[in-house]
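Taking it in order: structure first as C-alpha cells, then the write-up.
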Amino acid sequence: MSEENETSVFDVLKKINDNAWEVPVGFKPGMNVPGRIFVSESLLHLLDMGTLDQVANVAILPGIQRYSMAMPDAHLGYGFPIGGVAAFDKHSGIISPGGVGFDINCGVRLIRSNLTEQDVRPKLSGLLDELFEVIPTGVGSKGRLKVSDAELDDIFVHGVQWAVDNGYGVKADIGHCESKGQMSGADPSTVSLRARKRGRPQIGTLGSGNHFLEVQYIDKIYDEEAASAMGLREGQVTFMIHCGSRGAGHQICTDHLQVLAQASKKYGIPLPDKQLACAPAQSKEAQDYFKAMVCAANYAWVNRHVIMHWTREVFERHFAADHGDLGLDLVYDVAHNIAKLEEHKINGKNTEVYVHRKGATRAFPPGHPDLPEDYLVVGQPVLIPGSMGTPSYVLCSTEDSMDISFGSACHGAGRVMSRKHAKKELIGEDIRDELSSRGILVRATQPSLIAEEAPAVYKSSSEVVDVVHDLGIARKVARLLPMGVIKG
DNA sequence: ATGTAC
C-alpha cells in the first residue's frame with residue numbers, strides 16, 4: 001500500500017493486457033522507448049516504485065530497441081532491475097555490466113533420471129549427506145578441482161568442451177547447454193589477475209545465497225508431447241543445479257564497471273543512475289567487458305558441469321547397484337545473467353542487437369537455429385527454479401516469444417523480503433523443521449541461511465510462471481517438487 | 001550474487 005502523497009505504480013502504468021503494462025515515454029525525461037512490465041494485476045501489488053524507476057532508467061540508454069522490459073519476478077537490482085531484459089542496437093547501442101549482473105551466467109540446469117520418488121525416498125537422507133560433503137558450498141568455498149593458469153584460460157575460452165575433454169560429463173551434454181556451454185568471443189587477456197586468482201580454486205563450487213543443488217520429483221505434467229521430448233514423466237526423480245561464476249564473474253564485473261564508469265563520461269552518455277555505467281557497443285571499453293563476460297560465462301558453465309558430474313557419481317554410488325543405468329541425462333542448462341549478440345526482427349527488419357538478460361531466461365521458439373535437434377519441434381526448455389521448499393517448473397518456449405520479449409522469459413520467484421529482514425523475522429531451525437515435516441530435507445552451512453531463503457521471502461513461483469504461460473512466451477510442461485536441498 | 005568493507 002502506498003501513502004496518500006506517494007505516487008503508486010498504478011498511477012504510472014498503462015494497461016496493455018492482463019499481463020502487460022506500459023511505462024509511458026513521458027514518465028521520465030529522455031526515455032527513448034516505453035517500459036513494458038509483464039505482470040499480473042495481483043503481482044503488480046508486489047512491484048515497488050524503485051523497480052519501475054529502474055525500468056524507465058534503462059529506457060534512457062542509447063540505442064535501446066522497442067521497450068525496456070521487466071519480467072513478473074522483477075525486483076530492484078544494481079542499475080538494471082533483476083528480471084530485466086533490454087536489447088541495444090549493435091551499432092548505435094551500448095553494452096552495460098549492470099544489465100548482466102555481478103554473477104555473470106548465473107544459471108540453472110536440470111538432470112533427469114530413471115529413478116522414481118519411491119526409489120529415492122528411503123535413501124534420501126544419506127544421499128543428501130554425501131552430496132553436501134562432495135559439493136563444496138558456501139561463501140569463499142574452494143573446490144576439489146585444482147586447475148593451472150593455462151587450464152583456466154582453456155576454461156574461459158572453451159567452456160563445457162574443456163569439461164568434457166577432461167572427463168567431466170559426456171559429449172551428449174554439450175548440445176543441451178545454452179550456447180553449447182561455450183560462447184565464442186572470449187579473450188582471457190581482458191580478465192584481471194585478481195579475477196583469475198579468485199576463479200582458479202572455485203571450479204565445482206556451489207556458492208551461497210539462493211544457489212542450490214536440489215533433488216526433486218515430477219508431480220505434474222502439463223504438456224505430454226513436450227515432456228516426452230525432454231524425457232520427463234510423472235513420479236520421475238530429477239536434480240537441479242543453480243549457481244554461477246562465483247568470485248571470478250564478480251571480480252570481472254567489478255573490474256570492468258570501473259572502466260565503464262570512466263567510459264560513460266568519455267563518450268558523453270547521459271546516465272540517470274551511475275550504476276548504469278556503459279559504453280558504445282563497438283567501443284574498446286564495451287568490447288573488452290564483453291570478451292571478459294564471455295570468459296565468466298564459459299567458467300560458469302564449467303562450474304555447473306563439474307557439480308553435475310560429481311552429483312552423478314554420488315547418485316551412482318547410491319543407486320546403480322540396484323537400478324543399473326540411471327539415465328542421468330542433462331535435460332537443459334540455461335543462463336539467466338548474460339548479454340548476447342542476437343538477431344531479432346525489429347520493425348520487420350532483421351537487426352543485430354546486444355540482448356541483456358539479467359534475472360531473465362532465454363526462451364527461443366521452436367525451429368530456432370540455436371536449438372538442439374531434439375528440441376527443434378517443442379522449443380527451448382525454460383527452467384524456472386522455485387524458492388526453497390516450493391515447486392520448480394519446466395516450460396517450453398513458444399512461437400510468440402521473439403515478438404513479445406526478444407525471446408526471453410522469467411527466471412524464478414523473485415525476492416519480496418530483504419535478507420536482513422528475513423533474518424530478523426524468521427528462525428532458520430523452525431523453517432528447517434517445518435520443511436522436514438513436509439518431507440523436504442535441507443542441508444545448509446548455517447541455519448540463518450535457511451531463514452534468508454525461506455519460502456515466505458519469495459513471490460510464488462507458480463504465480464510468476466502463470467504470467468509467462470498466459471502471455472504466451474513459454475508454456476508449462478512439468479512441475480517439480482523438492483525432496484532435498486543443499487544450500488551454501 | 002560476493003574473500004557480505006580495501
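Just so it is clear, the structure is predicted and the values come from calculations on it, not from any experiment. Sequence lines set the chain letters: A, B, ... in the order given, protein chains first and strands last, and positions in each chain run from 1.
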Contacts of His256(A) that satisfy side-chain hydrogen bond (donor to acceptor under 3.5 Å, both in side chains) - sequence neighbours left out: none
Atom pair distance, as rounded to whole Å: CD in Gln251(A) and C1' in dA5(B): 14 Å
Pairing residues for Lys476(A) by the side-chain hydrogen bond (donor to acceptor under 3.5 Å, both in side chains) criterion, not counting sequence neighbours: Asp466(A)
Sugar-phosphate only, base, or nothing, as touched by Gln202(A) at under 4.0 Å among non-hydrogen atoms: sugar-phosphate
Sugar-phosphate only, base, or nothing, as touched by Gly209(A) at under 4.0 Å among non-hydrogen atoms: sugar-phosphate
Gln258(A) CD - dC6(B) P separation (whole Å): 11 Å
Sugar-phosphate, base or nothing in reach of Arg415(A), heavy atoms under 4.0 Å: nothing
Gap between atoms NZ and P, on Lys423(A) and dT4(B) respectively (whole Å): 13 Å
Sugar-phosphate, base or nothing in reach of Thr254(A), heavy atoms under 4.0 Å: nothing
Interatomic distance, His211(A) NE2 vs dT4(B) P [rounded to whole Å]: 16 Å
Atom-pair distance (CZ on Arg419(A); P on dT4(B)), nearest Å: 14 Å
Aromatic ring proximity His250(A)/Phe102(A), centre distance under 6.0 Å: yes
Spacing between Asp103(A) atom CG and dT4(B) atom C1', to the nearest angstrom: 14 Å
Whole-Å distance separating the CG atom of Leu449(A) from the P atom of dT4(B): 15 Å
Flag for Glu453(A)-Tyr458(A): side-chain donor and acceptor within less than 3.5 Å: yes
Interatomic distance where CG belongs to Asn105(A) and C1' belongs to dT2(B) [whole Å]: 16 Å
